[in-house]
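All figures in this text were calculated on a predicted structure; none of them were measured in a lab. Numbered from 1 within each chain, the chains take letters A, B, ... in sequence-line order. All heavy atoms count here, side chains included; hydrogens, waters and symmetry mates do not.
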Number of protein chains: 2
Amino acid sequence: MSSPAPPDAVIRAWARLERAHRAAQSTVEARLRKAGLPPLAWYDALLELERADPAGLRPFELQKEMLFAQYNLSRLIDRLEAAGYVARSASEEDGRGQRLTITKSGRAIRRRMWPVYADAIAAAVGSRLSESEATTLGDLLSRLYVRA
Amino acid sequence: MSSPAPPDAVIRAWARLERAHRAAQSTVEARLRKAGLPPLAWYDALLELERADPAGLRPFELQKEMLFAQYNLSRLIDRLEAAGYVARSASEEDGRGQRLTITKSGRAIRRRMWPVYADAIAAAVGSRLSESEATTLGDLLSRLYVRA
DNA sequence: TCCATATAAATGCAAATGCATCAATATGGA
DNA sequence: TCCATATTGATGCATTTGCATTTATATGGA
């Protein structure tokens, strides 16, 4: 059940995706940490919840949005809740489910993270690509995760 | 010391880099695991060592190649050595250092991983982009980690 | 209605990661 | 030569991740 070997260009793209991600990710995480702020994943989750307001999101929706593993998301929410940034409440449509909403202080911390995060993105990506290159890159990357 | 806000295209590229990487990575890791093979990082390290033969590599060289954190690499090597895939020996040029070489069974496992890995790359990337798109993607990604 | 199966979310336990720090050797002046 | 500083690599400890499984509820037939 083996497909033909992927072309070199494909293998190279994959390998570079790994490296580029590692480099950019570590830049961003390091800057957030140095500023005494929570990690990246917190920002992403909070942003999604803020966008989804006011009804909030079900965990499985957030999970699909973030492409996070279910058990990881479950624990990420634990931490966000413990920090007071997210509120869990029982879902009314589904007895198994919950509904997540961002709290006031969740909004506040997200806002506080943004300048540091934005700077880090600028350093990791903005300073290295033109705007049109960034657009091209984003378009190609999105093809790697939209349903095949 | 805050730069101007990064353009939307840059932010989008960053966000998509995260998601694309998560999607592709989890595809690849899942397939390797399902096949009862070691994780991705083992492959990458073994490949670098195989390419570097016969002198092998110093850990810090491998580290730079893989963009791995020093302590992570140190432990990755522990595991590779424990599995018998890599040999550590004292460096002759530098009393602090080591030299890493791939063993016969390291080569064997890498070879055994390749078909599964290649298939996974094909699924995660190859099936979604043309060859020339993959080239463009790879070129742009490499800009994100070569020394700024 | 009942049951088999699917889906939502949590969790126990093992493994990997991150952070800070350490020990050992190298190096480059004064 | 000596010492301050840098570099190589390992490690203790806390946190996070991954895997497998579990609990609870939903759903769609027979």
Between P on C:dA9 and CG on A:Leu57, what's the gap in Å once rounded to a whole number? 11 Å

Is there a side-chain contact between B:Arg96 and the phosphate of D:dA10, meaning an N or O under 4.0 Å from OP1 or OP2? no

Please work out which residues in residues 74-87 of chain B have a non-hydrogen atom less than 4.0 Å from an atom of DNA chain D and list them by number. B:Ser74, B:Arg75

A:Glu92 CD to D:dA26 P, in whole Å, measures 13 Å

If you compare every side-chain N and O of A:Arg88 against the phosphate oxygens of C:dA10 (OP1, OP2), does one of them come in below 4.0 Å? yes

Give the rounded distance in Å between these two atoms: CG of B:Leu40 and P of D:dT17. 18 Å

Rounded to the nearest Å, what distance is computed from the CD atom of residue A:Gln98 to the C1' atom of nucleotide C:dT7? 14 Å

Inspect the contact between B:Arg99 and B:Asp94 and indicate whether a charged nitrogen and a carboxylate oxygen are less than 4.0 angstrom apart. no

Pairing partner of D:dA30 (Watson-Crick or G-U wobble, both distances under 3.5 Å): C:dT1

In this structure, how many angstroms lie between the C1' atom of D:dT8 and the CG atom of B:Asp94, rounded? 7 Å

Distance in Å, A:Leu73 CG paired with A:Leu67 CG, rounded so as to fall on 0.5 Å steps: 11.5 Å

Would you kindly give the CZ-to-P distance between B:Arg33 and C:dA15, to the nearest whole Å? 15 Å

Salt bridge present between B:Arg12 and A:Asp139 (N-O < 4.0 angstrom): no

Any side-chain heavy-atom pair of A:Leu137 and B:Leu17 under 4.5 Å: no

Please report the distance, rounded to the nearest Å, between CZ in A:Arg22 and C1' in C:dA16. 14 Å

Which value, rounded to the nearest 0.5 Å, describes the distance between B:Arg75 atom CZ and B:Ile77 atom CD1? 12.0 Å

B:His21 and A:His21 aromatic ring geometry - parallel, tilted or perpendicular at 30°/60° bounds: parallel

Whole-Å distance between C:dA15 C1' and B:Glu29 CD? 13 Å

Derivation of the side-chain contact (heavy atoms from CB on, under 4.5 Å) call for B:Arg22 and A:Tyr145: CA-CA 9 Å; B:Arg22 224 173 269 157; A:Tyr145 63 86; over 6 Å; no

Strictly below 4.0 Å, heavy-atom distances to any atom of DNA chain D: list the hits from residues 60-73 of chain A, or just say none. A:Tyr71, A:Asn72

For the CD atom of B:Glu48 and the CD1 atom of B:Ile102, what is their distance to the nearest 0.5 Å? 11.0 Å

First of A:Trp42 and B:Ala30 reached from the 5' end of DNA chain D, by closest nucleotide: A:Trp42

How long is the gap from CG on A:Leu144 to OG on B:Ser127, to the nearest 0.5 Å? 9.0 Å

